[in-house]
> 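Below is the structure I would like to discuss, written out as structure tokens.
Atoms considered below: every heavy atom in the structure, side chains included; atoms not considered: hydrogens, waters and symmetry mates. So that the names make sense, note that chain A is the first sequence line, chain B the second, and so on, each numbered from 1.
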2 protein chains.
Amino acid sequence: MNRKMPVKRVRTKQKRLSADDRRSEFVTKATELFAEEGFGGGTRALARRLGVTQPLLYRYFPSKDDLIKEVYRKVYLEPLEIGWEKLLSDRSRPLRVRLQEFYEVYTDAIFNRRWLRIYLYSGLKGLDINRWYVGMVKDKILTRILRECRHDAGLATQSRPSAAELELAWVFHGGIFYYGVRKYIYEAPVLEDKAQMISDALDIFLAGFERMAESATDRRRAPIKVVG
Amino acid sequence: MNRKMPVKRVRTKQKRLSADDRRSEFVTKATELFAEEGFGGGTRALARRLGVTQPLLYRYFPSKDDLIKEVYRKVYLEPLEIGWEKLLSDRSRPLRVRLQEFYEVYTDAIFNRRWLRIYLYSGLKGLDINRWYVGMVKDKILTRILRECRHDAGLATQSRPSAAELELAWVFHGGIFYYGVRKYIYEAPVLEDKAQMISDALDIFLAGFERMAESATDRRRAPIKVVG
DNA sequence: GGCTCAGTTTATCGAGCGATCACCAGAGAT
DNA sequence: ATCTCTGGTGATCGCTCGATAAACTGAGCC
């Protein structure tokens, strides 16, 4: 291996990676760069992070936009790998426990500088993938949570939650989400114990849902219009 | 007035504004542009919106950064003109009513595409003015709300709220804020009745605060059991 | 009328951007 | 040892950016 070492030093930067390795390295470092600088971050700055030259990027991606799309795909799909259905819908465990664990796991996945910044940057661009994600949170998380809450409260499990219920869940979810924004985007001091924050938020959400469920049995809630 | 009209049309673009007018026009249109495009929006695009040429900007602002700072100043100070102290601290009115009215007025001020986008863009840049604003929300809104809540619950009005209380208030506040983000940044469907959303959020926050205050008398802040 | 001065434009600079093309170099097969 | 294939580089193009300097212009004043 190292017999017959030539006088000329080997390049400190290890070059000549396999195509797959180099490609995924581009995506990884691009995620870091774009998280910090926004998607205006330059291809030259990206190449510098890899220790390669800028044109090399174009051997792996037709354009910067394609690289960005790859970054989206990776970032948006990251938190989906944690098996939500089981955590939320396993009725052999108490609802309170399920919700606590789900939000601890979910926030473990998305509460970091990289994910949150990419998410907000792409949200500001108004991309389809962002809308898709928001819709997925609604359908796969909030709707499911509400269904479990209704079941737990002994209410009829209707197929779709009411607009008011959904909004309640959104405000709850958004409150937790905003904890991450405060900590990792604003870098503001927050209550360090994340699990405690989730627990407290859950307390008031569940108490609020109960109250709402109770009053719903007495008098019917007025239907509330939602724009599409 | 229109006798003896010369052949050559008068310039459609009204030029030669007074210095003050032109300057504030720059700030106004820059706010709109940066809200849409982010602060990467170009000075030429800005000039086009005013119907003038790009170098004119530099007669009014030494650099683009100075213009941006002016935009911050205007945007961040906008919602401060609504007299918070009176709305929150006027104990002649019921707490619930004060909070409802405050959040309706406050969200009227900040829930619009322009404000929210500028706010998020500047938040992502991690600027001092953003930290200042977050600190101000904490000191001038949340701390005040908590003090009023403690007073209302017959608890001792301590000078500063506990970290857990503050976090509770932040999650509540963040949940409401996130409503605006969902509507104006994500452009997702939301419960159209903003007052209703605030009312529901207040219900669960106040109920949660009460419970927390009750259990605080036991020197114990155990998670509240949900009756099923 | 002619002077003045402030608001505005024309022309241009240097730097950085994304992207392209011809070329280089080194590991593996022969 | 030489060939070949492919990962990687150097040079450069066209464009846009923020910023500067000099020239223009039109309303108000004498």
> Starting at CZ of A/Arg59 and ending at P of D/dG10, how long is that distance when rounded to a whole Å?
14 Å
> Could you check whether the side chain of B/Arg16 and the base of C/dA6 have a donor-acceptor pair of N or O atoms closer than 3.5 Å, going by distance alone?
yes
> Please list, by residue number, the residues of residues 61-74 of chain A whose heavy atoms come closer than 4.0 Å to an atom of DNA chain C; answer none if no residue qualifies.
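Going residue by residue through residues 61-74 of chain A, the ones with a heavy atom under 4.0 Å of DNA chain C turn out to be A/Ser63, A/Lys64.
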> Would a line drawn from the ring center of A/Tyr121 to the ring center of A/Tyr72 be shorter than 6.0 Å?
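No - the distance between ring centres of A/Tyr121 and A/Tyr72 does not fall below the 6.0 Å cut-off.
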> Within the supplied structure, the quantity of interest is the number of heavy atoms (other residues, nucleotides, ligands) at a distance under 6.0 Å from B/Arg73 CZ; does it exceed 12?
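No, not enclosed.
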> Between A/Thr43 and C/dG18, is there a side-chain N or O to OP1/OP2 distance below 4.0 Å?
yes
> Can you check whether A/Tyr60 has a side-chain N or O nearer than 4.0 Å to OP1 or OP2 of D/dG8?
yes
> Could you please name the option among D/dT20, C/dC17, C/dT20 that lies closest to any side-chain atom of A/Pro55?
C/dT20
> Where the side chain of A/Val52 is concerned, which of D/dT9, D/dG18, C/dA19 is the nearest nucleotide?
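Of the options given, the side chain of A/Val52 lies nearest D/dT9.
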> Between P on C/dA25 and CG on A/Leu56, what's the gap in Å once rounded to a whole number?
16 Å
> B/Phe34 has an atom CZ; how far is it from atom P of D/dC17, in whole Å?
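Those two atoms, CZ and P, are 12 Å apart.
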> Rounded to whole Å, how long is the line connecting atom CZ of A/Phe39 with atom P of C/dC17?
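Atom CZ in A/Phe39 sits about 17 Å away from atom P in C/dC17.
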> In whole angstroms, how far is the P atom of D/dG8 from the CZ atom of A/Arg23?
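So the two atoms are 14 Å apart, to the nearest Å.
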> Between B/Tyr133 and B/Ser122, is any side-chain donor less than 3.5 angstrom from a side-chain acceptor?
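Short answer, no.
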> Pick the closest DNA chain D nucleotide for A/Arg44 and for A/Thr53 by heavy atoms, then say which residue is nearer the 5' end.
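Its nearest nucleotide being more 5', the pick is A/Thr53.
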> Measure distances between side-chain N and O atoms of B/Arg22 and base N and O atoms of C/dG7, and say whether any donor-acceptor pair falls under 3.5 Å.
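For B/Arg22, whose side chain was compared with the base of C/dG7, there is no donor-acceptor pair (under 3.5 Å).
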> Does the ring centre of A/Phe177 sit less than 6.0 Å away from the ring centre of B/Phe177?
no
> Once you round it to whole Å, what is the distance between C1' of C/dA11 and CD of B/Gln54?
12 Å
> Which nucleotide sits closest to the side chain of A/Tyr58: C/dT20, D/dT12, D/dT9?
C/dT20
> Mark yes or no for whether A/Gln54, through its side chain, and A/Ala47, through its backbone, hold a donor-acceptor pair below 3.5 Å.
no
> Report the distance from atom CG of B/Leu17 to atom P of D/dG26, rounded to the nearest whole Å.
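Rounded to the whole Å, the gap is 15 Å.
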> Just checking, is any N or O donor in the side chain of B/Lys138 or B/Thr143 under 3.5 Å from an acceptor N or O on the other one?
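No - no donor-acceptor pair under 3.5 Å links their side chains.
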> Determine the interplanar angle of the A/Trp170 and A/His173 rings, folded into 0 to 90°, and report it as parallel if under 30°, tilted if 30 to 60°, perpendicular if over 60°.
perpendicular
